[in-house]
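Below: one structure, written as structure tokens.
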Amino acid sequence: METENSNDIFSAFLAGSASNTWYKRIDYMSYLPETDEKVSDWESQFGYNVKTGVNYNLTNRHNVFFNAGYYARAPFFDFVFINYTNEVNPDYTTEKITGLELGYGYQSRKVSFDLNGYYTLWSDRWNDTYYPAAGRTIYFKGLEELHTGIDAELSFNISESLKLETFGSLGNWHYTNDVEVDVYDEADQTLLGTYQAYTKDLKVPDAPQTTFGASADFQLFNPLNIGLTYKFYDQLYANFDPLSRTDTEDDEQSYMLPSYDVVDARATLNFDFFGVDAQANAIVHNLFNNEYIAEGDDLGGHDKDSFVGMWGWKRNFYFSLRVNF
């Protein structure tokens, strides 16, 4: 359902939707085939969302806008039937997401600029982490995350052949509560215990909270387009073992990975292929073959000596061909 009202200066919309998700699990590996236990009962969860927004054109080039939304999202399948069994999670519920966005835009023939700030509160979130070295799976119950930040994008149409763009994002994403975690043995799926993990005010890991970049798009001649993109990443925190966060005195952030940057290059060629339109693409990721750590785990010391991680991809190539019949 959606309704919208607009004129040359002001526009507003209101939208909403509802859904119901059904879950059923059949397991031929962990249960005897002649028993009824291999097939679970049906589970269902109602979900919905409501969104609204307004935009005001200050002039024919300047505008401001505000958007708000509330989402009650059905949980993922793995959090309804936990630990690879037909056991129903007694605590599963919808994840609640409240989002607010306030922004400003400028548009002209040569220049465009967008700036917006966001506030997103994500509550009743389930998450799981597998630790192969320890042979255990951990389920977080009722996590609440607060994401706030600013995004900006500026582009210049230098000519019909050349476009330049720069962009950036400054974020502050952290947990707002302490949670309980259930720990299961991977070998036999038995519950090893339930623990209190002190996660309040810890940064959300596994995604850079600060990014900056720039790109250039050049139409070399009519069928050939080439481009370069530079990206810088910072404030990327390592995943942490919640069992290392059971001490109320330990409020230090998990290990922050070194910042890094990469450059990607691409070329797109449009051509005629036996009378039909075709397009060939070539992309080089990490053009200068930079070394960087892409992700990893903080094993408790919150420094590089207790960190185990994975290197990012070195220079790699991607090719594609598309033919439009």
Side-chain angles (χ1 to χ4, degrees), residues 21-32 35 37-45 73-97 122-145 173-207 236-248 250 252-255 257 293-302 306-310:
T21 304
W22 287 268
Y23 308 85
K24 191 180 186 70
R25 189 177 189 274
I26 303 175
D27 190 335
Y28 294 104
M29 301 294 294
S30 303
Y31 300 92
L32 295 174
T35 65
E37 292 179 331
K38 69 178 184 295
V39 181
S40 73
D41 293 331
W42 282 103
E43 294 290 323
S44 67
Q45 181 64 63
R73 190 182 74 178
F76 293 122
F77 184 90
D78 288 347
F79 302 130
V80 177
F81 301 100
I82 56 177
N83 203 38
Y84 312 109
T85 70
N86 288 347
E87 176 187 355
V88 177
N89 176 6
D91 300 317
Y92 86 83
T93 184
T94 55
E95 297 183 358
K96 287 82 173 178
I97 304 170
W122 190 353
S123 59
D124 286 331
R125 187 188 176 200
W126 277 76
N127 199 2
D128 63 339
T129 305
Y130 172 50
Y131 293 90
R136 63 175 185 259
T137 298
I138 296 178
Y139 290 88
F140 295 78
K141 300 190 293 185
L143 276 173
E144 185 174 85
E145 298 178 13
W173 313 338
H174 65 275
Y175 299 113
T176 65
N177 64 334
D178 300 321
V179 295
E180 287 187 343
V181 293
D182 288 339
V183 182
Y184 288 85
D185 187 282
E186 270 298 306
D188 56 14
Q189 287 80 49
T190 57
L191 179 65
L192 300 178
T194 299
Y195 303 87
Q196 181 77 25
Y198 295 97
T199 54
K200 184 178 180 181
D201 296 328
L202 294 182
K203 298 286 188 177
V204 175
D206 205 30
L236 170 58
Y237 293 88
N239 292 308
F240 57 85
D241 185 345
L243 294 189
S244 70
R245 293 292 182 170
T246 57
D247 181 2
T248 58
D250 183 8
E252 187 177 349
Q253 298 294 339
S254 63
Y255 177 63
L257 280 62
I293 303 173
E295 60 180 330
D297 297 325
D298 181 336
L299 301 183
H302 317 322
S306 63
F307 171 79
V308 176
M310 297 180 61

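Reckoned from all heavy atoms, side chains included, excluding hydrogens, waters and symmetry mates.
Contact annotation: the side chain of K24 approaches that of V39 to within less than 4.5 Å [non-hydrogen atoms, C-beta and beyond]. Taking 4.5 Å as the limit, some side-chain heavy atom of Y28 sits within range of a side-chain heavy atom of K38. In this structure, W126 and P75 have side chains that are not in contact, with every pair of non-hydrogen atoms separated by 4.5 Å or more. The shortest side-chain heavy-atom distance between E37 and N86 does not fall under the 4.5 Å cut-off. Counting heavy atoms from C-beta on, the side chains of M29 and Y84 never come closer than 4.5 Å.
Checked against a 6.0 Å centroid threshold, the rings of Y139 and Y184 count as neighbours.
With rounding to the nearest 0.5 Å, the separation of CG in D201 from OH in Y175 is 12.5 Å. Note that the CG atom of D78 and the OH atom of Y92 stand 14.0 Å from one another [nearest 0.5 Å]. Once rounded to the nearest 0.5 Å, the distance linking OG1 of T194 with NZ of K141 reads 5.0 Å. To the nearest 0.5 Å, atom OG1 of residue T21 and atom CD of residue E43 are 12.5 Å apart. Distance check: I138 CD1 to D241 CG gives 4.5 Å after rounding to the nearest 0.5 Å.
Counting only distance, with no hydrogens or angles, the side chain of S40 and the backbone of E87 share no donor-acceptor pair below 3.5 Å. A donor-acceptor pair is defined here as one N or O able to donate and one able to accept, closer than 3.5 Å; no such pair exists between the side chain of N127 and the backbone of F140. With hydrogens and angles disregarded, no donor-acceptor distance shorter than 3.5 Å links the side chain of D297 to the backbone of L299.
Of all heavy-atom pairs between R73 and W122, the closest is NH2-CZ2, 3.7 Å.
Between R125 and E95 no salt bridge is recorded (no basic side-chain N to carboxylate O distance below 4.0 Å).
Ring orientation note: the planes of Y255 and F307 are tilted relative to one another, at an angle of 30° to 60°.
Counted by atom type alone, E144 and T176 present one or more donor-acceptor pairs between their side chains at under 3.5 Å.
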